[in-house]
Amino acid sequence: MKNLVILYFILFTLNFYSQNRTITFIDEQKKPVTNFQLNFFIKDSLTIYKSTNSNNYNFKQSLIKEIDSVFITFDSFYSKKINTTDLILKDSIFLKKEIPLDEVIINKKFIRKELGVISKNRNIFKIGNASRTDKIIEIDVSNHFGVSIESINLYIFEKFRDLYNKKHTNKNLDIKFYLFQSNTNPNENVINLLEKELVVNTERGNKGWVSIDLKKLNIKIKDFKYLYIGYSVFGKPIAVGAVKRKRIKSDKNITSYIRSSSKDVNRKWIKSHFKIYLPEKELSEPAIKIEIKY
């Protein structure tokens, strides 16, 4: 009998890992949770999946075997750790809306502010980029030492055509985010604020802000003059938002840098700007920003 139980367990496990698992997320009122972010911690990396219009996720068997831990953030505020055994045994996971402790402490008030390329959405233009380059912007954070970074945000468009009229879409695109500091420039004496590599999947590539919740990572700005935030798409084409420099509401002295997306260890960041090819060929900056909390 004992041998039969062991055999059954082995067969069950093999069957599980031979197929993908679709998990549905439901709140305590049995309503579908469609606005959520899954954080997969795998060894030295953090892989994120964003959803804004679906209440389920198809877990690939190869991913489930590698996961160390999983957190879900939903409805832009609530979060919960998911037991990895639930990914094996359950088809639906119920999410309870519990308010984080630091938000309910009596008389404790927070100030939130955005840093980066800040402008009204109507001022954001589409820039189709098929070049193999990574991009970052430089922000002076001398007056923000010790504040928490709650999110990183990048404006993307669903599709674009390149100079050869070839159509590209942002569907199912992996975006790697950069978040680091230095007292001089992005090539010297840098300190990375992300303990793990941060990669986000764009799902269906919908137009708008891709906002990545970083609260659980407990990231604070350190005592360095400059903060660098940026992105890489591993050499793939992407259509991102850009804002004319004169339309930026925040610090207009923001500096942009690019570098090759190749794996060359000696590659360097160099100064650069987007150009909006209107008659005046105005300079612009990529629509990327962070939210901080005092």
Side-chain angles (χ1 to χ4, degrees), residues 37 39-50 114-118 127 129 131-141 144 147-156 170 173-202 209-243 250-251 254-274 284-292:
Q37 172 182 313
N39 299 338
F40 303 109
F41 292 89
I42 305 171
K43 295 181 180 179
D44 295 326
S45 67
L46 168 59
T47 299
I48 289 179
Y49 171 84
K50 284 288 295 185
E114 292 180 329
L115 298 178
V117 180
I118 315 299
I127 294 290
N129 181 20
S131 63
R132 297 179 179 273
T133 54
D134 304 341
K135 293 180 173 60
I136 57 172
I137 62 170
E138 177 186 88
I139 308 169
D140 188 332
V141 290
H144 302 294
V147 304
S148 299
I149 298 177
E150 296 215 315
S151 68
I152 186 169
N153 310 270
L154 176 68
Y155 199 96
I156 67 172
N170 286 340
L173 185 68
D174 287 331
I175 304 175
K176 176 181 176 179
F177 284 94
Y178 297 108
L179 195 60
F180 61 94
Q181 288 188 251
S182 172
N183 273 325
T184 53
N185 63 66
N187 297 308
E188 297 180 356
N189 301 318
V190 302
I191 180 169
N192 196 350
L193 299 184
L194 295 169
E195 293 183 359
K196 298 177 180 289
E197 184 178 84
L198 175 58
V199 180
V200 178
N201 185 276
T202 60
W209 287 103
V210 176
S211 180
I212 309 305
D213 191 326
L214 302 177
K215 297 186 188 73
K216 284 292 183 181
L217 302 184
N218 193 30
I219 300 173
K220 295 184 182 296
I221 294 177
K222 301 187 182 299
D223 192 13
F224 288 77
K225 183 175 183 179
Y226 299 115
L227 173 70
Y228 299 91
I229 59 176
Y231 65 93
S232 167
V233 287
F234 305 98
K236 301 292 183 61
I238 185 173
V240 301
V243 180
S250 53
D251 185 359
I254 289 173
T255 302
S256 293
Y257 293 83
I258 63 171
R259 73 176 182 184
S260 168
S261 295
S262 69
K263 296 182 179 180
D264 182 2
V265 294
N266 295 317
R267 56 191 177 142
K268 300 290 185 180
W269 293 104
I270 58 174
K271 290 185 179 181
S272 176
H273 295 283
F274 283 131
S284 62
E285 305 295 352
I288 189 168
K289 61 187 180 181
I290 59 171
E291 184 181 50
I292 59 175

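Contact check for Y226 versus T255: no side-chain heavy atoms found under the 4.5 Å cut-off. Contact check for I175 versus I238: side-chain heavy atoms found under the 4.5 Å cut-off. The shortest side-chain heavy-atom distance between V240 and Y231 falls under the 4.5 Å cut-off. In this structure, the side chains of W269 and N185 stay at 4.5 Å or more apart for every pair of heavy atoms. Side-chain contact between L198 and L179: absent, with no pair of heavy atoms (C-beta onward) separated by less than 4.5 Å. Side-chain contact between L217 and N39 is absent, with no heavy atoms from C-beta onward closer than 4.5 Å. Using a 4.5 Å cut-off on side-chain heavy atoms (C-beta onward), L214 and I152 make contact.
Q181 places a side-chain N or O within donor-acceptor distance of the main-chain N or O of K222, the cut-off being under 3.5 Å.
Taking every heavy atom of both residues into account, I292 and H144 meet most closely at CD1-ND1, 3.9 Å. Closest of all the heavy-atom pairs between K135 and T133 is NZ-OG1, 2.8 Å. Closest of all the heavy-atom pairs between I137 and P286 is CG2-CG, 3.8 Å. Closest of all the heavy-atom pairs between A242 and S284 is CB-OG, 3.7 Å.
If you take CG on L115 and CD1 on I229, they are separated by 8.0 Å, rounding to the nearest 0.5 Å. Residue S151 holds its OG atom at 8.0 Å from NZ of K289, rounded to the nearest 0.5 Å. Taken to the nearest 0.5 Å, the OG atom of S232 stands 12.5 Å off from the CD1 atom of I258. To the nearest 0.5 Å, atoms CZ (F177) and CD (E197) are separated by 12.5 Å.
For E138, the side chain to side chain donor-acceptor pair (under 3.5 Å) criterion is met by Y228, Y257, not counting sequence neighbours.
Between D134 and the options K268, R259, K176, a salt bridge (Lys or Arg N to Asp or Glu O under 4.0 Å) holds for only R259.
The closest side-chain donor-acceptor pair between S211 and N153 falls under 3.5 angstrom.
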Quick one: do K225 and N183 satisfy side-chain contact (heavy atoms from CB on, under 4.5 Å)? Show the steps, please.
CA-CA 5 Å; K225 183 175 183 179; N183 273 325; 3.8 Å; yes

Chi angles and distances behind the side-chain contact (heavy atoms from CB on, under 4.5 Å) call for I156, L173
CA-CA 11 Å; I156 67 172; L173 185 68; over 6 Å; no

Evaluate the criterion side-chain contact (heavy atoms from CB on, under 4.5 Å) for residue pair V199 and F234; output intermediate values, then yes/no.
CA-CA 10 Å; V199 180; F234 305 98; 4.2 Å; yes

Given V243 and E285, is the side-chain contact (heavy atoms from CB on, under 4.5 Å) satisfied, shown in steps?
CA-CA 5 Å; V243 180; E285 305 295 352; 5.8 Å; no

